[in-house]
Structure formats: structure tokens, C-alpha cells
S.K.: 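Got a structure here, written out as C-alpha cells. Questions coming.
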Amino acid sequence: MNNLFDINGNVTVITGGTGVLGRTIAKYLALNGAKVIILGRKEEIGKEIVDDIQKNGGVCEFLKTDVMNAQLVQDNCDYIVEKYGHIDTLLNAAGGNMPGATIGPDKTFFDLDAEQFSRVLELNLTGTVIPTQIFLKPMAKQGKGSIINFSSMAAFRPMTRVCGYAAAKAGISNFTAYMATECAKKFGEGIRVNAIAPGFFITEQNRSLLTNPDGSYTQRGQDVIRQTPFGRMGEPEELCGTIHYLMSDASKFVTGTVAVVDGGFNVFAM
């Protein structure tokens, strides 16, 4: 009972770990004792993150991957199991958006690009399903593991513009609930599946949408601030505590939930 939050030695796999949020989370977990493996497409950035973490005393490595390539993800998994012996946590942080899957203020639904809409669904939703299917196998064999998916405020609220992204994230929330029951019933209570739903954080993906070149907020950014009782955007490190909780024994009886980290955005009515 004294070590509920202990993640020392926890073998943690993070897909899409080279982004602003993934980088911060990886460093936090590694410096708190987890053995972090970052999976991503941007090898140069991945190695920079690994170097930074290792210089600070953490255990971390980068593996190049494509979450839409099942064989490549399987190869990643085989390597990790061979080297570390087991996998404790999978954090599905890979995702993204495309211009054609959005509907700007000067456009209508008829301007939606169905092909890009489909690709956004695949990257976010199928890009969560494939790693889950592959990394769940060693977890099921060992009878223990925590899978943490990345949902979004867009899964709760029908926001303007982000048509494809919102549909994908809503699917991830539903998939999380489905997998929580599926795993508990078929593989035992040691396998837990949850999700985290960040509010608004400045990332490379949304920076130009939410901020101007001088750092001030765009109209979209101002709308977000008005909707957020805390009156500000989130800081990347503010996601780390919730993820730490969900991967540790402190949340041993928690599965199927979507943990909201949003400064009150989702509960604000008017």
C-alpha cells in the first residue's frame, strides 16, 4: 500500500512520442523510473529526446515505426519483449489531422475531402487499434498491463472545424470502453484500458490555429480561453500526473474511464 504510485522498472511504450506532449510525458516517466520506449516516424527528433532523457539519468530508446504498418509494429513489440522481458504500459499517443478533414469558417460540409477524412480516421483510430492488438498479447500472457489511449475534448463536444479528428477521437473513447470489458472478461482483471482526454495544449499541430506569430491568441484561441474556467491553455507536464496514476497500481480498480485534463473546459456551460 505504500508504493501504489511506484513505476520504477515499468516498461512503457509510447506511440507518437516525438510530439510536444509525448516528449514531455516520456521524460517525466523515465525520470520517475520507467523504462521508456518511444515509437515514431521522426527518427532524428526521437534520438534527440532519447539523448536528453539519458543525460538526465533516465532509461529510454527510440524505435522507428508506422502505427498503420502491423508488421513493423509487431517487429517493434518482438524487439522490446526480447530486450526487456515484458511490457507493462502502452500509451497510444499517435494521431493527427489533415486540412481536408476540417471545415473552416468559409467552407461547408460539402467541401469535406472524404479521402482525407478517412485517412484521419485511420491514423487516429486504426492507429490506436493496431498497436493495442499487438502489444496486448504479451500483457495478456503475463496477466497484467495498462493501456492508455489518447481521446480529446472533441470526443465530448461537437466542435466546429475538426470533423474527421472529432469522429476519430469519439471512436477512441468508445473503443476504450469496449476494450476495458473485453480484456477484463477474457484476460482477467490485471489488464486495464483507460484513456486520457486533454483539454487545449499548444502543440506543433495546433499552434498556428490557436496563436498568432506574436504569441497572442487567434479568435479560435480566444474562444478556447473563454470556454476554459482556468482561463489558460494547459502545460504539457500537467498531463503527466494523470498518466502516472493510470499506469500505476494506484488505479488498480480503474478501467474503461476517460480521464479529463482540461482546466474545466468540458464542464463549462455559459
Side-chain angles (χ1 to χ4, degrees), residues 14-27 38 40-46 48-49 52 66-68 92-125 127-128 150-172 196-240 260-266 268:
I14 306 178
T15 69
T18 57
V20 172
L21 303 184
R23 171 195 300 248
T24 301
I25 294 164
K27 186 172 184 177
I38 298 171
R41 293 180 294 181
K42 301 176 181 177
E43 192 168 5
E44 185 175 343
I45 296 176
E48 290 177 2
I49 297 171
D52 177 51
D66 177 353
V67 292
M68 297 305 298
N92 281 310
N97 204 354
M98 300 183 72
T102 65
I103 302 173
D106 58 337
K107 296 183 179 180
T108 72
F109 179 71
F110 302 115
D111 296 304
L112 184 71
D113 185 320
E115 181 179 348
Q116 289 195 21
F117 179 90
S118 178
R119 289 171 65 185
V120 169
L121 286 180
E122 289 180 354
L123 175 60
N124 290 276
L125 182 52
T128 293
F150 254 64
S151 184
S152 166
M153 285 299 99
F156 294 91
R157 302 258 179 159
M159 297 179 190
T160 59
R161 302 193 188 187
V162 290
C163 182
Y165 185 80
K169 291 300 186 179
I172 287 174
I196 185 169
F200 285 82
F201 295 73
I202 302 297
T203 66
E204 294 308 318
Q205 178 179 304
N206 65 18
R207 187 180 304 277
S208 62
L209 179 65
L210 299 177
T211 63
N212 296 307
D214 63 0
S216 63
Y217 290 127
T218 61
Q219 183 59 56
R220 181 78 161 183
Q222 293 174 27
D223 291 342
V224 169
I225 295 301
R226 279 197 299 272
Q227 177 65 33
T228 305
F230 276 16
R232 64 175 176 85
M233 302 289 179
E235 297 293 336
E237 57 269 20
E238 291 173 324
L239 294 173
C240 296
V260 173
V261 185
D262 69 344
F265 180 94
N266 193 49
F268 186 68

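Start at 1 with the first residue, then count along the sequence.
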S.K.: State the CD-CZ distance between Glu238 and Arg232, to the nearest 0.5 angstrom.
M.R.: 4.0 Å
S.K.: If you round to the nearest 0.5 Å, how far is CG of Leu121 from OH of Tyr165?
M.R.: 12.5 Å
S.K.: Could you tell me whether the side chain of Phe200 reaches within less than 4.5 Å of the side chain of Asp262, counting heavy atoms only?
M.R.: no
S.K.: Say you draw a straight line from CG of Asn97 to OG1 of Thr102; how long is it, rounded to the nearest 0.5 Å?
M.R.: 6.0 Å
S.K.: Which pair of non-hydrogen atoms, one from Arg157 and one from Gln227, has the smallest distance, and what is that distance?
M.R.: NH1-NE2, 3.8 Å
S.K.: Working to the nearest 0.5 Å, report the span between NZ of Lys27 and CD of Glu237.
M.R.: 11.0 Å
S.K.: Can any side-chain N or O of Asp66 pair as donor or acceptor with the backbone N or O of Arg41 at less than 3.5 Å?
M.R.: no
S.K.: Within the 4.5 Å heavy-atom criterion, are Val261 and Pro198 side-chain neighbours or not?
M.R.: no
S.K.: The test is side chain to side chain contact (heavy atoms under 4.5 Å, CB included); show your working for Leu112 and Ile103 and say whether it passes.
M.R.: CA-CA 6 Å; Leu112 184 71; Ile103 302 173; 4.2 Å; yes
S.K.: Can you tell me how far OG of Ser208 sits from CZ of Arg220, rounded to the nearest 0.5 angstrom?
M.R.: 12.0 Å
S.K.: Can you tell me how far apart SG (Cys240) and CD1 (Ile196) are? Round to the nearest 0.5 Å.
M.R.: 8.5 Å
S.K.: Could you go step by step and tell me if Thr211 and Tyr217 meet the side chain to side chain contact (heavy atoms under 4.5 Å, CB included) rule?
M.R.: CA-CA 4 Å; Thr211 63; Tyr217 290 127; 4.1 Å; yes
S.K.: Would you check if the side chain of Asn212 reaches a backbone N or O of Asp214 as a donor-acceptor pair within less than 3.5 Å?
M.R.: no
S.K.: Which atom names give the shortest non-hydrogen contact between Ala168 and Asn124, and what distance separates them?
M.R.: CB-CB, 3.6 Å
S.K.: Kindly say whether Phe110 contributes a backbone atom to a donor-acceptor pair with the side chain of Thr108 at under 3.5 angstrom?
M.R.: yes
S.K.: Taking salt bridge (charged side-chain N to carboxylate O under 4.0 Å, His left out) as the test, write out the residues that go with Glu235, two or more places apart.
M.R.: none
S.K.: Taking side chain as C-beta onward, heavy atoms only, is Leu21 less than 4.5 Å from Thr203?
M.R.: yes
S.K.: Side chains of Val260 and Met153: closer than 4.5 Å at any heavy-atom pair?
M.R.: yes
S.K.: Within the structure provided, determine whether Asn92 and Phe150 are in side-chain contact (heavy-atom separation under 4.5 Å).
M.R.: no
S.K.: List the atom of Phe201, the atom of Asn206, and the distance in Å for their closest heavy-atom pair.
M.R.: O-ND2, 2.8 Å
S.K.: Is there a side-chain contact between Thr18 and Ile49 (heavy atoms, below 4.5 Å)?
M.R.: yes
S.K.: Does CZ in Phe268 sit with more than 12 non-hydrogen atoms of other residues, nucleotides or ligands closer than 6.0 Å?
M.R.: yes
S.K.: With heavy-atom distances below 4.5 Å as the criterion, would you say the side chains of Met98 and Leu123 are in contact?
M.R.: no
S.K.: Above 12 or not: heavy atoms from other molecules or residues under 6.0 Å from CD of Glu44?
M.R.: no
S.K.: Of all heavy-atom pairs between Lys169 and Ser151, which one has the smallest distance, and what is that distance?
M.R.: O-OG, 3.6 Å
S.K.: Of all the heavy-atom pairs spanning Pro229 and Gly263, show the shortest one and how long it is.
M.R.: CD-O, 3.3 Å
S.K.: Can you name the salt bridge (charged side-chain N to carboxylate O under 4.0 Å, His left out) partners of Glu204, sequence neighbours left out?
M.R.: Arg207
S.K.: Which atom pair, heavy atoms only, marks the closest approach of Ala93 to Ile14?
M.R.: CB-CG2, 4.3 Å
S.K.: List the steps, then state whether side chain to side chain contact (heavy atoms under 4.5 Å, CB included) holds for Val20 with Ile202.
M.R.: CA-CA 8 Å; Val20 172; Ile202 302 297; over 6 Å; no
S.K.: Glu115: which residues meet the salt bridge (charged side-chain N to carboxylate O under 4.0 Å, His left out) condition with it, sequence neighbours left out?
M.R.: none
S.K.: Is it the case that the side chain of Thr15 and the backbone of Ala94 share a donor-acceptor pair, with hydrogens and angles ignored and the cut-off at 3.5 Å?
M.R.: yes
S.K.: For the backbone of Ala114 and the side chain of Ser118, can you confirm whether one donor and one acceptor N or O come within less than 3.5 Å of each other?
M.R.: no
